[in-house]
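Encoded as C-alpha cells, the structure appears first; notes follow it.
Counting from 1, the numbers follow the sequence of the chain as shown. In listed order, ligands and their atoms are each counted from 1.
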Amino acid sequence: MGDGPGVAILVGSLRAGSLNYAAAEVAERYLSGRADVSWPDLSLVPFFNQDVEEVGDPPAVVALKHAVAVSEIILIFTPEYNFGVPAVTKNAIDWLSRPFGNGCLTDRIVGIVAVGPSSRGGENVREELLRICGVLSERVYPETLGIPKVSQLANNRLPEAAENAVRLWVDQVLVYSKQWPGTTP
Ligand SMILES: Cc1cc2nc3c(=O)[nH]c(=O)nc-3n(C[C@H](O)[C@H](O)[C@H](O)COP(=O)(O)O)c2cc1C
C-alpha cells in the first residue's frame with residue numbers, strides 16, 4: 001500500500017458499454033499514483049441472503065467487504081433504474097451493511113455518481129443513495145455528481161466535459177476527506 005488513501009470503486013452497472021463504468025475508469029485513471037484503488041467485481045456478488053450469510057460470506061462478498069474495509073473512500077458509480085437504485089448497487093450495499101450496526105461502510109467517506117441519458121442526471125438514485133448511505137456512514141459527501149444527457153460512449157470514452165466533471169468531483173471528494181482523521185489524500 002502506498003501513502004495515498006484507499007479508494008474502493010463500486011459500479012452498479014454490469015453491461016459492456018456502461019456509461020457509469022466509463023466514469024469510474026476516469027476516476028481510477030485520475031487517482032492512479034495518488035491512491036490505492038480497488039475495484040471489486042459486483043457481477044460475482046450473489047443476492048443477499050441471510051441464510052447464506054449465517055453459513056459464511058461467499059468469496060465475492062469477502063472480496064467486496066475487504067476492498068471496502070481497507071479503503072477510506074468509497075466511490076459509487078451507478079445508473080438510475082425506474083427512478084431508484086438498481087439491484088446491483090443496492091445488493092452490494094446490503095452486504096456491506098452487515099453485520100447490522102457494524103458494517104464496513106461505517107465511517108467510510110462515500111461519494112455518489114450517476115451518469116445517464118436523462119436531463120436530471122440520475123437525481124432520484126443520487127437522492128436515494130444519499131439517504132441509504134447516510135444511515136450507514138456519517139461521512140457521505142453531500143455533493144453527489146450527476147452527469148446528464150449522455151447516451152453512449154465514443155471510442156469507449158465519455159464526452160470530454162463529462163470526464164472533466166468526474167475529475168473535478170474526485171478532487172472535491174479528496175478535499176472533503178481531509179476533514180476526517182486517518183484519511184491521507
Ligand atoms: C431497467 C431500466 C430502468 C431505467 N430507468 C431509468 C430511470 O428511471 N431514470 C433514468 O434517468 N434512466 C433510466 N434508465 C436508463 C439508464 O439510465 C441508462 O440505460 C444508463 O445508460 C444506464 O447506465 P449504464 O450505461 O452505466 O449501464 C433505465 C434503464 C433500464 C435498463
Side-chain angles (χ1 to χ4, degrees), residues 6-32 35 37-49 60-61 63-65 67-68 71 73-97 105 108-137 140-174:
V7 177
I9 290 177
L10 308 182
V11 179
S13 172
L14 305 183
R15 75 182 184 99
S18 160
L19 306 171
N20 287 280
Y21 189 97
E25 284 185 318
V26 173
E28 183 188 40
R29 281 196 297 271
Y30 191 55
L31 286 165
S32 174
V37 179
S38 57
W39 191 325
D41 186 350
L42 301 190
S43 74
L44 303 175
V45 176
F47 282 130
F48 180 79
N49 179 331
V61 174
L64 170 64
K65 287 186 173 179
V68 169
S71 299
I73 300 172
I74 316 303
L75 302 181
I76 300 175
F77 296 81
T78 183
E80 175 174 304
Y81 280 179
N82 298 306
F83 296 85
V85 183
V88 171
T89 308
K90 183 61 164 52
N91 189 50
I93 292 171
D94 288 343
W95 279 109
L96 292 170
S97 72
L105 275 175
R108 293 297 174 282
I109 291 146
V110 180
I112 297 160
V113 181
V115 190
S118 85
S119 60
R120 298 175 65 191
E123 185 179 56
N124 299 295
V125 69
R126 289 183 287 117
E127 280 181 5
E128 204 174 333
L129 279 177
L130 274 180
R131 181 174 54 78
I132 293 166
C133 294
V135 174
L136 301 169
S137 173
V140 180
Y141 182 47
E143 305 300 329
T144 62
L145 175 64
I147 300 183
K149 297 181 179 172
V150 182
S151 299
Q152 58 187 14
L153 304 176
N155 297 321
N156 290 322
R157 304 280 292 254
L158 293 170
E160 192 179 348
E163 291 200 349
N164 288 338
V166 171
R167 288 187 281 265
L168 184 64
W169 177 84
V170 166
D171 279 336
Q172 290 167 353
V173 174
L174 292 176

For this session: Determine whether any heavy atom of P117 lies closer than 4.0 Å to an atom of ligand 1.
Result: yes
Exercise. Considering all heavy atoms of both residues, which atom of P46 and which atom of V61 are nearest to each other, and what is their separation?
Worked result: CD-CG2, 4.0 Å
Problem set entry | Sub-4.0 Å atoms of ligand 1 with respect to non-hydrogen atoms of F83 | 7 (C), 8 (O)
Exercise. Is R15 touching ligand 1 with its side chain, its backbone, both, or neither, if touching means heavy atoms under 4.0 Å apart?
Worked result: side chain
For this session: Give the single entry among V150, V125, L14, N82 that approaches atom 5 (N) of ligand 1 most closely by any heavy atom.
Result: N82
Seminar exercise, completed: atom 31 (C) of ligand 1 sits nearest the protein heavy atom Y81 CE2, 3.8 Å
For this session: Compare all side-chain heavy atoms of V7 with those of V173 and state whether any distance is below 4.5 angstrom.
Result: no
For this session: Can you measure from OG1 (T144) to CD (E123) and round to the nearest 0.5 angstrom?
Result: 8.5 Å
Exercise. Taking the six-membered ring for Trp, are F48 and W95 parallel (under 30°), tilted (30 to 60°) or perpendicular (over 60°)?
Worked result: perpendicular
Exercise. Looking at side-chain heavy atoms only, is the closest gap between L42 and V11 below 4.5 Å?
Worked result: no
For this session: Determine whether C133 and I93 make a side-chain contact, defined as any pair of heavy atoms from C-beta on separated by less than 4.5 Å.
Result: yes
Exercise. What protein heavy atom sits nearest atom 22 (C) of ligand 1, and how far away is it?
Worked result: P79 CB, 3.5 Å
Exercise. Quick one: nearest non-hydrogen protein atom to atom 6 (C) of ligand 1, plus distance?
Worked result: E80 O, 3.0 Å
Exercise. Between the main-chain N or O of S13 and the side-chain N or O of S18, is there a donor-acceptor pair closer than 3.5 Å?
Worked result: no
Problem set entry | Test of proximity, L19 against ligand 1: N or O pairs below 3.5 Å | yes
Exercise. Protein heavy-atom contact under 4.0 Å for atom 14 (N) of ligand 1?
Worked result: yes
Exercise. Is R29 atom CZ crowded by more than 12 heavy atoms from other residues, nucleotides or ligands, each under 6.0 Å away?
Worked result: yes
Problem set entry | Numbered atoms of ligand 1 (with element) below 4.0 Å of N20, judged on heavy atoms | 23 (O), 24 (P), 26 (O)
Seminar exercise, completed: Under 4.0 Å from one or more heavy atoms of S118, ligand 1 contributes atoms 11 (O)
Exercise. How does S18 reach ligand 1, if at all, at less than 4.0 Å between non-hydrogen atoms: by side chain, backbone, both, or neither?
Worked result: both
Problem set entry | Check: W39 ring centroid to Y21 ring centroid under 6.0 Å | yes
Exercise. Would you say G84 and ligand 1 have an N/O pair spaced under 3.5 Å apart?
Worked result: no
Problem set entry | Short N or O distance, Y21 and ligand 1, threshold 3.5 Å exclusive | no
